[in-house]
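Right, one structure below, let's go through it.
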Amino acid sequence: MARLKLAVLVSGRGSNLQALIDACEAPGYPAEIALVIANVADAFGLARAERSGLPTRVIDHKGFSDRDAFDAALTRSIEESGAQLVCLAGFMRLLTAGFCERWRDRLINIHPSLLPAFKGLHTHERVLEAGVRITGCTVHFVRPTMDEGPIIAQAAVPVGSSDNAETLAARVLEQEHRLYPLAVRLIAEGRVTVHGERADITGADAPRGSLISPP
Ligand code: GAR
């Protein structure tokens, strides 16, 4: 079966891009990366893509008069690449409603919290401040409102009493690297259908049991 073609958008470090690169290099993985786009010329994600011989493109938002023009340039590049699914991987620009509509249900994001809790930036600091005992990460379809949209998959991470934002971010990031390739796989296998603001997954039910924190 043909592999699902991905465009991955990054702004920085690109460790989630790396997780997708590694997944796509594994035999039998049902997706491949057609293009990596960065909006920042020195994003380390670009170096990761080049190292793996993937096509890259820098589209610097500063070169555009407004968000519509920037997003139109993104769309042109993605269309040229033949990508069928757009994956935001630490892409730190808000996208216009027009872009979200153009790629509706074909545009996904990873966020370092259990959405709909803790949308936005400085997630781990706010998780610690709020004193929640379990946090995690979420892969979801993108809607125009930041960090909103049908949820595809989540991973839960217990918050320890000695955690700080850095230690928590590192443990959540480890799970992000497992979760993003899993979510892309489910989509590529045609097992994710979106009904309005809900995504349904076929053939992959939730595990039984629970995570209690503290135990
Ligand atoms: C990741 O933790 C990702 O969840 C987060 O940025 C980091 C990017 O790291 N994204 C957001 O906060 C989006 N709202 P990476 O560049 O190493 O993948």
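Computed from heavy atoms alone, side chains included, the values below leave out hydrogens, waters and symmetry copies. Numbers for residues simply follow the sequence, beginning at 1. In listed order, ligands and their atoms are each counted from 1.
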For this session: Could you name the protein residues that come within less than 4.0 Å of ligand 1, counting only heavy atoms, and order them by chain and residue number?
Result: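 Residues within 4.0 Å of ligand 1: Arg13, Gly14, Ser15, Asn16, Gly90, Met92, Ile110, His111, Pro112, Asp147, Leu173, Glu176.
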
Exercise. Hey, quick one: are Val194 and Leu182 part of the same hydrophobic cluster, counting side-chain heavy atoms closer than 4.5 Å, chains of contacts allowed?
Worked result: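 Both belong to a single hydrophobic cluster.
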
Exercise. Looking at Arg51, Arg13, His177, which hits side-chain hydrogen bond (donor to acceptor under 3.5 Å, both in side chains) with Gln18?
Worked result: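 The side-chain hydrogen bond (donor to acceptor under 3.5 Å, both in side chains) with Gln18 is passed solely by Arg51 among Arg51, Arg13, His177.
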
Got a sec: does the [atom1] of [X] have more than 12 other heavy atoms crowding it under 6.0 Å?
X: Lys119; atom1: NZ; value: yes
X: Arg191; atom1: CZ; value: yes
X: His195; atom1: NE2; value: yes

Problem set entry | Steps toward side-chain contact (heavy atoms from CB on, under 4.5 Å) verdict (His111, Glu176) | CA-CA 8 Å; His111 181 75; Glu176 292 185 44; over 6 Å; no

